[in-house]
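Heads up, the thing below is written out as structure tokens.
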Protein chains: 2
Amino acid sequence: MDIRKFVLTTVLSVHIVMRSEERYLKDYDASRFASPIVTVDNVLFSLDNNELSVLLVKRANHPYQGAWGLPGGFIDMTLDESTRDTALRKLVEKTGVIPPWLEQLETFSGKYRDPRGWSLTTAWFALIARTDCQPHIESVSDAKWLPTHQLTQQTLAFDHGEIITHALNRLRQKTRYSLLPVYCLAEEFTLTQLQEATEIILGQAIQRKSLIRRFEASGMFEDTGKSKATGARKARLYRRKEGVDIHLFSRNLLNDTAG
Amino acid sequence: MDIRKFVLTTVLSVHIVMRSEERYLKDYDASRFASPIVTVDNVLFSLDNNELSVLLVKRANHPYQGAWGLPGGFIDMTLDESTRDTALRKLVEKTGVIPPWLEQLETFSGKYRDPRGWSLTTAWFALIARTDCQPHIESVSDAKWLPTHQLTQQTLAFDHGEIITHALNRLRQKTRYSLLPVYCLAEEFTLTQLQEATEIILGQAIQRKSLIRRFEASGMFEDTGKSKATGARKARLYRRKEGVDIHLFSRNLLNDTAG
DNA sequence: GCAATAGTGTCTTTAAGACACTATCAT
DNA sequence: ATGATAGTGTCTTAAAGACACTATTGC
């Protein structure tokens, strides 16, 4: 083959490919294709009064107007760079603060989960200390904390009950191989508070000694030097170390129970 | 309050709510709101020749026309009841068979991951025995298996490289606390095949004894009564028990390595 | 019998479970 | 000093790691 002809052909075809992709993108109209209703929802957990609760909001609009559901909504394509941003935006809207733990839970989709039609929601799972957002929640009437053991009595919008169940399973599983419950505590906390948080989430007592061993091994915390009077011996106050990732243990707590 | 008036008011307001919701749903036009481009993608892994590979397809259309990417595409709202159906439909299209393992991985979204605009893809993670789909893959020219250790050399469409990395992490983690690699094996398999699959995925040798203990404890398998000649002593052939869920162990293998 | 692969026995190690023990505080 | 809560010491237990051992096959 003539090398000049080969080069010419190559240059031309590259040019054609680029022109054609350019034109394609310029002419692309996202609204041409039927697409599902896309939303983002948050399952925000918090602890108070020896109970694990989930944040619900009263729906202002159809469908399920007036019903309680998860705080969430549509993606704002100008504001949000990803669904994480959408989740955060909605959480800040409702609680006034950024939760210290936020991870993607799962995406729920289907033809029938929304009466308006085929829909998809990316659910996020978040934890916060109750004290950090209580003033904000108390100031509105469209948001409330539902204790998770009352979930069966409360009818929720869409499949939000099912989504909360998934989030609860995730929280319980992760609590067995990490110290995730610290994200439900105030910035400074005692070991007893961490133990109580863990026990409320797991629904059963754990060995304090096991918790302390993990606490030390995790490398996630530092002593504040302060301590807190609880009526008897003062308890040391700890805080999370800056910029340290969550530690995952290689074994689960409570090996006996379930799988 | 007059009880008759109360009942009347209640009945009326319920009626009004229903009428208003009916009208709302009737008038609802899903295309009114700007919504992201929504797709579903699959990360299908398979083992062959002592290598872990991922299935790629050559893109027939813009954007990234001609580039390799994950097998996936748009939701067909008439065919698919959920994104799981979309994932399965695309997998069957490309491989000719239903993979024995399919779970949701994560949803990737963002303003910039697709040149056409704000997009969201729900990624699924699947495993299959190479022999079960090899004839179909070989019959087409737009699909290939990419060994995962060659991932760095291959440029992929969109953020598909990143998605594969997430899937790989999930596969490796789960291999440490379950016998997930069996889903990469043929229906009948030997313990040595399971061990080799596990070692390829983890990238290091494991204790055969530990594997056998887990194999028995899992309750997931049954002896076929058959055995397979391998050049030396014959190895027993096992199969997965019908209708038995995957067993999750309470400890990880390879505690030393990483977290 | 020998080499090779399959499969077992059993000791060590790791980290959790159990629980008795000591320490520190308010009163 | 006492009682209550904080925190430690240490033995037991469960399951993985290590590795030597026996079993079965083809040649």
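What you see below is based on every heavy atom in this structure, not just the backbone, and it leaves out hydrogens, waters and symmetry mates. In what follows, every chain begins at residue 1, and chains take the letters A, B, ... in the order their sequences are listed.
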**Report entry** Nucleic acid contacts of residues 212-221 of chain A, taken as heavy-atom distances under 4.0 Å to DNA chain D
**Finding:** A:I212, A:R213
**Report entry** Cation-pi geometry met for B:R130 and B:W145 (6.0 Å, 45°)
**Finding:** yes
Query - Salt bridge flag under 4.0 Å for residues A:D41 and A:K90 - result: no
Query - Nucleotide C:dA16, atom P - distance to CG of A:L211 in whole Å - result: 11 Å
Query - Distance test, side-chain N/O of B:R236 to OP1/OP2 of C:dA6, below 4.0 Å - result: no
Query raised in the report: With sugar-phosphate meaning primed atoms plus P, OP1 and OP2, does A:T192 contact a base, only sugar-phosphate, or nothing at under 4.0 Å between heavy atoms?
Result: sugar-phosphate
**Report entry** Protein proximity profile, nucleotides 20-25 of chain C - base contact B, sugar-phosphate-only contact S, no contact -, cut-off 4.0 Å on heavy atoms
**Finding:** ---BBB
Query raised in the report: Considering only C:dA18, C:dA16, D:dG7, which nucleotide approaches the side chain of A:R208 most closely?
Result: D:dG7
Query raised in the report: A:L254 CG to C:dA15 P: how many Å, rounded?
Result: 18 Å
Report summary line: Whole-Å distance, A:I206 CD1 to C:dA16 P, equals 11 Å
Query raised in the report: Which nucleotide in the list D:dG17, C:dT10, C:dG7 gets nearest to the side chain of B:Q207?
Result: D:dG17
Requested in this report: Check the distance between C:dA15's C1' and A:R176's CZ and give it to me in whole angstrom.
Outcome: 15 Å
Report task. With B:R214 as the cation and B:F249 as the aromatic partner, state whether NZ or CZ is under 6.0 Å from the six-membered ring centre and within 45° of the axis. Result -> yes
Report task. Kindly say whether the aromatic ring centers of B:F45 and B:Y183 come within a distance under 6.0 Å. Result -> no
Query raised in the report: Tell me: NZ of A:K228 to P of D:dA6, nearest whole Å?
Result: 9 Å
Report task. Could you check how far CG of B:N252 sits from P of C:dA16, rounded to whole Å? Result -> 12 Å
Query raised in the report: For C:dG17, does either OP1 or OP2 sit under 4.0 Å from a side-chain N or O belonging to A:S210?
Result: yes
Query - B:K209 side chain, from C-beta outward: closest of C:dT5, D:dT8, C:dG9 - result: C:dG9
Query raised in the report: Are A:E199 and A:R208 ion-paired here, with the side-chain N under 4.0 Å from a carboxylate O?
Result: no
Query raised in the report: Can we say A:R170 and A:E103 salt-bridge, meaning some charged N sits less than 4.0 Å from an Asp/Glu carboxylate O?
Result: yes
Report summary line: From CG of A:L194 across to P of D:dG7 the rounded distance in Å is 12 Å
Report task. Report yes if the side chains of B:V57 and B:V140 come closer than 4.5 Å at any heavy-atom pair, otherwise no. Result -> no
Requested in this report: Indicate, yes or no, whether a donor-acceptor pair under 3.5 Å links the base of C:dA15 to the side chain of A:R251.
Outcome: yes
Report summary line: Taken to the nearest whole Å, CG/B:L237 to P/D:dT25 is 13 Å
**Report entry** 4.5 Å side-chain heavy-atom contact, A:V92 and A:V97
**Finding:** no
Report task. Decide if the gap between the ring center of B:Y238 and the ring center of B:F215 is smaller than 6.0 angstrom. Result -> yes
Requested in this report: Using five pairs at either end of the helix from C:dG1-D:dC27 to C:dT27-D:dA1, determine the angle between the two local helix axes and round it to 10 degrees.
Outcome: 10°
Query - Ion pair A:K94/A:D142, N-O distance below 4.0 Å - result: yes
Requested in this report: Report yes if some heavy atom in the side chain of B:E51 is under 4.5 Å from a heavy atom in the side chain of B:I200; otherwise report no.
Outcome: no
Requested in this report: May I ask you to check whether B:H166 and B:F108 place their ring centres under 6.0 Å from each other?
Outcome: yes
